[in-house]
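What follows is one structure encoded as structure tokens, with my remarks underneath.
Because the structure is a prediction, the values reported are computed rather than measured.
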Amino acid sequence: MRVVVVGAGQAGFQVAASLRDGQFQGEVLLVGEETSLPYQRPPLSKAYLTGDADASSVMLRAPSFYAERAIEVRTGDRVVALDRLAARIITQAGETIPYDHLVLATGARNRILSAPGVELDGVLYLRGLEDADRIKAALENAARVAIIGAGFIGLEFAAVAARRGLAVTVYEAQDRVMARAVSPETAAFVQSVHEAAGIRFEFGALVEAFAGRDGRVTGLSTLDGRRTEADLVLIGIGVVPNEELATEAGLPVANGISVDAHLLTPDPAISALGDCASHPSRFASGPVRIESVQNAVDQGKCVAQRLLGHPAAYASVPWFWSDQGTLKIQMAGLPGRDERSILRGDPAAGAFSVFRYTGDRLSSVESVNRPADHMAARRLLEAGINPSPEQVSDPGTDLKSLLSARRRGAA
């Protein structure tokens with residue numbers, strides 16, 4: 001049996017590695033568009049830019065790993081067509097590769113901003129290793145940085161730039177930072193910490209155009225007339241799933257490649273997972289597409305186990321993190337609608353958690369510099385335990401004791 005994995009990111013790598021961990025005896029082929037071996041993306045906006053990590057340290061495994069595990073890796077070649085009838089893929093280099101089972105781990109790409117001047121030198125995006133190298137080089141000669149988008153990537157980069165002593169302005173279309181990801185309480189605290197570090201925010205800002213001179217960016221303007229000078233601009237306005245290969249092959253897509261609870265497409269010979277896949281979740285009312293290392297890793301293991309003859313529905317608790325300067329922000333679960341938030345800890349002390357409820361159900365927990373709360377929250381969500389708001393807000397409540405009580409009750 002030959003398993004072909006399209007996409008050599010975290011999810012694709014995990015499928016291949018987990019197959020070999022499970023003693024899979026067939027062929028495993030990993031096809032990646034980028035020229036490097038599989039690597040970690042999270043350090044690219046933080047440690048890689050500061051010099052605390054280099055290209056070798058972000059690699060998921062050394063080159064010898066793939067040879068020792070008999071995982072064939074083909075880098076620098078994009079898959080351009082999927083022939084489901086013949087069970088084969090065709091690459092840009094013209095190679096035709098047959099498969100017995102195909103795994104689509106095509107990931108996502110940056111959402112592109114359309115505005116005059118966006119093509120100027122110094123207007124950059126961050127997604128891959130080559131992007132990070134360009135940004136790292138540009139930082140050496142930058143004094144004024146503008147960031148479009150106050151999401152995780154934008155704020156992580158803002159913290160790096162401010163640490164270098166650069167003038168940093170963040171433009172955000174919404175009315176707060178990380179508006180789609182965290183509660184207003186967490187957003188307000190994170191903003192205040194960044195502002196204390198010298199970062200300036202402009203909210204409700206839609207970029208109209210970029211200004212330049214001699215082919216290089218010198219600043220930007222917004223639709224409502226705000227302007228700022230900048231010799232480096234980072235655009236971080238989200239990503240879109242790479243679903244075109246599936247679409248052209250007649251597979252259903254809806255904000256990602258549609259899969260069932262086992263991460264299978266309607267074609268039983270094709271799975272999809274990671275950033276490109278839209279899947280059902282017990283933590284959401286409808287299909288979700290989750291962009292996180294945890295999701296990529298756990299889904300990779302899930303697909304591998306099914307191919308090894310041990311099928312199970314994907315049911316992992318979603319969790320995320322973002323390191324922004326002195327802030328370690330950790331999230332577990334998926335926020336729902338009509339929520340109420342319960343604070344645990346003291347923002348004034350720089351460490352707290354926000355427990356978010358949909359009705360009486362605990363839906364998600366955000367922790368800032370409180371890793372113990374985060375670990376407890378993941379276990380509570382996994383077990384389906386819903387602590388009362390009174391228990392959560394009481395500093396004397398040991399969250400781990402709630403898990404112990406459930407175990408004692410089950411016994």
Side-chain angles (χ1 to χ4, degrees), residues 33-36 39 41 43-51 53-55 58 75-78 92 107-174 177 194 197-240 242 244:
E33 183 175 352
E34 295 186 70
T35 57
S36 65
Y39 60 87
R41 293 190 190 277
L44 299 184
S45 57
K46 301 177 282 290
Y48 190 80
L49 294 181
T50 63
D54 60 16
V58 301
T75 59
D77 197 5
R78 184 168 64 91
Q92 192 168 39
R109 62 187 182 277
N110 284 312
R111 188 180 300 278
I112 301 302
L113 178 65
S114 178
V118 73
E119 74 287 347
L120 290 164
D121 287 344
V123 180
L124 302 170
Y125 294 85
L126 176 55
R127 181 67 181 171
L129 195 55
E130 292 182 356
D131 296 327
D133 284 334
R134 283 190 285 269
I135 293 169
K136 195 171 184 180
L139 279 170
E140 294 301 319
N141 300 307
R144 299 159 302 182
V145 173
I147 298 166
I148 303 171
F152 295 149
I153 293 294
L155 295 182
E156 288 168 2
F157 177 66
V160 169
R163 175 179 163 183
R164 293 175 67 101
L166 307 182
V168 181
T169 303
V170 180
Y171 286 84
E172 168 56 47
Q174 303 296 319
V177 304
H194 285 305
I199 298 168
R200 185 167 67 92
F201 289 91
E202 296 284 349
F203 294 105
L206 297 174
V207 173
E208 179 182 41
F210 298 93
R213 183 172 55 249
D214 299 327
R216 288 201 58 83
V217 69
T218 58
L220 61 84
S221 59
T222 65
L223 288 173
D224 59 3
R226 285 174 275 184
R227 301 178 185 275
T228 189
E229 294 182 343
D231 38 39
L232 170 58
V233 177
L234 178 74
I235 300 174
I237 55 174
V239 300
V240 293
N242 293 323
E244 291 77 10

So which heavy atom on [X] is nearest to which on [Y], and how close?
{"X": "Ser45", "Y": "Val160", "value": "O-CG2, 3.6 Å"}
{"X": "Gly117", "Y": "Val123", "value": "O-CG2, 4.2 Å"}
{"X": "Phe210", "Y": "Ile235", "value": "CZ-CD1, 4.2 Å"}
{"X": "Thr50", "Y": "Arg163", "value": "CG2-NH1, 3.7 Å"}
{"X": "Ala159", "Y": "Ile199", "value": "N-CD1, 4.2 Å"}

Is it true that [X] and [Y] make a salt bridge, defined as a side-chain N closer than 4.0 Å to a carboxylate O?
{"X": "Arg226", "Y": "Glu208", "result": "no"}
{"X": "Arg134", "Y": "Asp131", "result": "yes"}
{"X": "Glu34", "Y": "Arg41", "result": "yes"}

Exercise for the section: Measure the spacing between CG of Asp54 and NZ of Lys136 and express it to the nearest 0.5 Å. Expected result: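 That separation rounds to 7.5 Å.
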
Practice task
Look up atom CD in Glu33 and atom CG in Asn242, then write down how far apart they are to the nearest 0.5 Å.
Solution key: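 Result: 8.0 Å between the selected atoms.
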
Using a 4.5 Å cut-off on heavy atoms from C-beta on, say whether the side chain of [Y] contacts that of [X].
{"X": "Val170", "Y": "His194", "answer": "no"}
{"X": "Val145", "Y": "Leu234", "answer": "no"}
{"X": "Glu202", "Y": "Thr169", "answer": "yes"}
{"X": "Leu120", "Y": "Val233", "answer": "no"}
{"X": "Thr222", "Y": "Leu206", "answer": "no"}

Handout entry: Residues, nucleotides or ligands: over 12 heavy atoms within 6.0 Å of Arg227 CZ
Key =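 Incorrect, the count does not exceed 12.
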
Practice task
For Asp224, look at atom CG and say whether over 12 heavy atoms of other residues, nucleotides or ligands are found less than 6.0 Å away.
Solution key: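 Counting other residues, nucleotides and ligands, CG of Asp224 exceeds 12 neighbours.
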
Exercise for the section: Output all residues satisfying salt bridge (Lys or Arg N to Asp or Glu O under 4.0 Å) with Glu130, sequence neighbours left out; order by chain, then residue number. Expected result: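 In terms of salt bridge (Lys or Arg N to Asp or Glu O under 4.0 Å), with neighbours along the sequence ignored, Glu130 is linked to no residue.
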
Exercise for the section: Could you tell me whether a side-chain N or O of Lys46 sits under 3.5 Å from a main-chain N or O of Glu156, the two making a donor and an acceptor? Expected result: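 It does not hold such a pair.
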
Problem - Side-chain donor or acceptor of Tyr48 paired with backbone N/O of Val58 under 3.5 Å - result: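 No, Tyr48 side chain to Val58 backbone: no donor-acceptor pair under 3.5 Å.
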
Problem - Where at least one partner belongs to residues 229-239, residue pairs that pass side chain to side chain donor-acceptor pair (under 3.5 Å), sequence neighbours excluded - result: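 Side chain to side chain donor-acceptor pair (under 3.5 Å) check on residues 229-239 returns Arg144-Glu229.
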
Problem - Member of Leu126, Leu44, Leu139, Val168 meeting the side chain to side chain contact (heavy atoms under 4.5 Å, CB included) criterion with Phe157 - result: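 The side chain to side chain contact (heavy atoms under 4.5 Å, CB included) with Phe157 is passed solely by Leu139 among Leu126, Leu44, Leu139, Val168.
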
Handout entry: Any residue meeting side chain to side chain contact (heavy atoms under 4.5 Å, CB included) with Val240, in chain and number order, not counting sequence neighbours
Key =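 Partners of Val240 by the side chain to side chain contact (heavy atoms under 4.5 Å, CB included) criterion, ordered by chain and then number, come out as Arg109, Arg111.
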
